[in-house]
Number of protein chains: 2
Amino acid sequence: MQLSERKEKILAAIVEWYIATGEPVGSKTLLEYIHIPVSSATIRNEMAELSRLGFIEQPHTSAGRIPSQIGYRYYVDKLMNRYELPINEKRLIEARLSDAGGEPQQILEQAGQVLAELTNCAVVSTTPTDENAVIRRVELVPLGTHTAMMVMLSSSGILKSRVCRTDSELNLELIETFYNIVSKHFIGKSASEVSIALIQTLALSLGSKSLAISPLLVALSDLAQLTEQTQLLLEGQSNLLNYTDYPNAYELMEFLRRGEPLTNLFAGHKAENNTNVLIGKENFYRELQDSSLIYSHYAVGGKDSGALGLIGPTRIDYARLIPSLKYLTEIVGKIMSDTLED
Amino acid sequence: MQLSERKEKILAAIVEWYIATGEPVGSKTLLEYIHIPVSSATIRNEMAELSRLGFIEQPHTSAGRIPSQIGYRYYVDKLMNRYELPINEKRLIEARLSDAGGEPQQILEQAGQVLAELTNCAVVSTTPTDENAVIRRVELVPLGTHTAMMVMLSSSGILKSRVCRTDSELNLELIETFYNIVSKHFIGKSASEVSIALIQTLALSLGSKSLAISPLLVALSDLAQLTEQTQLLLEGQSNLLNYTDYPNAYELMEFLRRGEPLTNLFAGHKAENNTNVLIGKENFYRELQDSSLIYSHYAVGGKDSGALGLIGPTRIDYARLIPSLKYLTEIVGKIMSDTLED
DNA sequence: GTTAGCACTCTAATGACGAGAGTGCTAAAC
DNA sequence: GTTTAGCACTCTCGTCATTAGAGTGCTAAC
């Protein structure tokens with residue numbers, strides 16, 4: 001639907017005023033805010049029309065208007081002019097990310113923290129995934145006679161480790177056997193190929209050594225799973241408590257903590273537009289239907305790998321947040337690509 | 001101060017009732033709850049006395065009584081009988097911790113989650129520290145021609161890693177030089193000895209190779225710092241939102257997120273009793289003065305290494321939570337010791 | 001030392017009321 | 001045909017008075 005220019009101006013003003021103040025806007029207030037040479041009555045007529053069309057709504061008769069979900073949508077799609085990020089915010093982002101340390105997870109943690117500070121929203125992000133990733137390296141670092149730390153590195157830069165205990169002594173022979181198996185059966189394979197079945201078959205084929213080495217193989221399979229799993233990172237949740245108009249923060253925070261739904265959401269929309277905005281009821285999950293979710297995928301080595309998302313009330317400053325998120329995802333992608341590059 | 005037996009009975013009843021219901025208790029209600037063959041008037045007299053002594057207080061004239069901080073303290077110190085943990089909770093704890101994977105951080109995360117679920121409180125924990133810990137092993141895993149992942153393992157079982165980039169090519173010679181330096185100057189030293197000065201001196205002494213190797217040494221120093229630093233882990237923060245009587249959850253959650261104050265608190269009281277309870281204003285930090293903090297140190301290899309803490313409103317079920325926390329810290333200590341044991 | 005009884009105090013809930021904000025509509029003006 | 005002034009209307013919010021109920025402290029009797 002296309003609105004008249006004046007209606008657009010009025011709608012934009014309502015959205016921006018409401019975002020800024022949190023108060024419903026009346027025709028008089030609006031008149032002061034936008035400079036159109038008409039009277040409040042005219043504005044009222046236009047507002048009545050906008051109401052009828054569903055772009056704004058009234059909490060109650062004697063209150064002003066607030067944008068409806070449709071109103072926000074129209075604003076985001078057509079009216080909003082995106083601010084350029086101020087140079088000092090860009091610098092801040094770059095500075096904070098540059099000393100994050102090179103692991104994807106650390107980069108995302110830092111990115112999440114910066115973004116949370118900058119936006120006063122909750123920030124979620126998913127660790128990079130790559131269906132074509134393969135196991136690149138496995139290291140076994142002995143800690144004691146019966147314990148060792150196993151480290152697995154994937155071609156997409158994910159590093160996972162865990163301590164494992166063996167029942168029999170962890171001697172050189174055992175370690176060598178392990179490395180042989182690894183380089184023969186695991187290096188270069190994708191993590192998802194490391195099935196329980198494969199592990200069992202291998203263990204059996206080793207005969208007498210089977211018992212000694214099986215704890216190591218189990219650990220290996222655990223690590224493969226961990227490597228493959230997308231993780232959801234969460235920052236700035238407590239920011240959500242600052243929005244007094246938030247209905248039940250607990251439910252939302254628990255939803256974010258659970259993580260899987262969002263992970264799936266991000267994974268599912270990978271192909272789409274660069275930055276997506278889901279407003280209120282546009283969200284599939286009930287827990288998000290009082291919020292807006294803005295998310296954007298970052299690319300590692302030219303391929304979409306994971307996403308960063310912002311969550312706040314529907315009344316957030318879209319015009320400011322969208323560029324911030326966009327810039328950050330670009331930087332995150334760039335840094336991760338740099339680290340991986342051979 | 002020593003109260004008469006009847007006063008103690010009444011105080012205990014007030015505390016327990018208030019913990020259970022959240023409602024101030026009146027003399028009549030109390031009469032039904034405790035079975036003492038006296039009238040409500042007698043109870044009233046006793047309650048008046050307890051009020052005078054500061055053990056209980058009245059939100060307003062026509063309300064019942066609630067325990068004061070002093071009242072809680074007396075209850076915790078003298079009246080409360082600690083419940084034995086039900087066997088199924090013990091089993092749950094053990095089960096959840098057994099598949100945590102062996103790294104301290106993972107164990108603590110799991111422990112925190114279980115405890116948060118069991119208690120409906122926020123759980124904090126500090127990673128183990130050991131002033132005598134030394135660098136046990138450093139590994140450099142090449143990822144590309146100019147990048148590598150460095151892994152540092154301390155004798156207390158802490159594993160830290162980071163990616164580092166070198167300006168010049170990461171060839172075998174460079175790697176060998178690095179390992180030589182490491183084994184000569186770093187292995188067996190405590191992380192705190194890895195000063196910037198030492199790093200600079202070493203880099204200088206290498207002459208022409210200095211430039212090539214310095215990124216590696218910087219990474220090493222970063223890792224040493226990370227290894228030494230105590231980390232504060234946080235679970236179940238959103239539980240705090242369920243207590244409607246909580247004044248400003250935001251402030252508290254930000255305080256927990258910041259972490260250092262609690263880290264210091266735990267570090268400072270290491271020598272004391274096994275389990276400590278700080279009620280309301282007994283807490284040094286303003287942000288905690290509406291809460292109670294229960295914490296307990298876990299021992300790795302017989303030495304206090306870190307702590308787990310529970311945070312909730314002063315109105316929490318001390319009799320149930322203290323044993324839960326205590327049991328969990330024991331198990332955590334045991335598991336960590338097992339993993340470390342040679 | 002204990003108890004019954006009672007006056008007293010305070011909260012929470014309820015309803016009445018007026019001020020204020022904002023609207024929609026109508027009729028006149030441009 | 002659009003715009004505007006004016007006005008009646010509606011609804012919220014704060015204030016105030018009133019009431020019911022809970023719980024107390026005190027006194028006098030046991």
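None of the values given here were measured: they were computed from a predicted structure.
- Per the geometry, CD1 belonging to A:Ile56 stands 12 Å off C1' belonging to C:dT23, to the nearest Å.
- A donor-acceptor contact closer than 3.5 angstrom is absent between the side chains of A:Tyr295 and A:Thr329.
- Residues satisfying the salt bridge (Lys or Arg N to Asp or Glu O under 4.0 Å) criterion with B:Arg315, sequence neighbours excluded, are B:Asp245.
- Judged by distance alone, the side chain of A:Thr263 and the main-chain N or O of A:Gly259 form a donor-acceptor pair under 3.5 Å.
- With sequence neighbours excluded, no residue forms a salt bridge (Lys or Arg N to Asp or Glu O under 4.0 Å) with B:Glu330.
- As a whole-Å value, the separation of A:Glu46 CD from D:dT4 P is 11 Å.
- When each of A:Val38 and B:Ser51 is assigned the nucleotide of DNA chain D with its nearest heavy atom, A:Val38 is the one assigned upstream, toward the 5' end.
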Every protein N/O lying under 3.5 Å from an N/O of nucleotides 10-16 of chain C:
unit_1	atom_1	unit_2	atom_2	d
C:dC10	O2	B:Ser62	OG	2.9

Tell me which donor-acceptor pairs under 3.5 Å the side chains of residues 83-90 of chain A have, and how far apart each pair is, sequence neighbours excluded?
unit_1	atom_1	unit_2	atom_2	d
A:Glu84	OE2	A:Lys90	NZ	3.1

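- A donor-acceptor contact closer than 3.5 angstrom links the side chains of B:Asn274 and B:Ser296.
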Please write out the pairs of protein N or O atoms and N or O atoms of nucleotides 25-29 of chain C separated by less than 3.5 Å, giving the distance to one decimal.
none

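- The aromatic rings of B:Phe55 and B:Tyr74 stand perpendicular to each other, their planes meeting at an angle above 60°, with 30° marking the opposite boundary.
- Scanning residues 13-34 of chain A for heavy-atom distances under 4.0 Å to DNA chain D yields an empty list.
- Here the nucleotide nearest the side chain of A:Thr42, chosen from D:dT3, D:dG25, C:dT3, is D:dT3.
- With 3.5 Å as the limit, one finds a donor-acceptor pair spanning the side chains of B:Ser238 and A:Glu254.
- Note: CD1 (B:Ile10) to C1' (C:dT2) measures 13 Å, nearest angstrom.
- Relative orientation of the A:Tyr72 and A:Tyr318 rings is tilted, given thresholds of 30° and 60° on the angle between their planes.
- Residues B:Leu328 and B:Leu118 form no side-chain contact, since every pair of their non-hydrogen atoms from C-beta on lies 4.5 Å or further apart.
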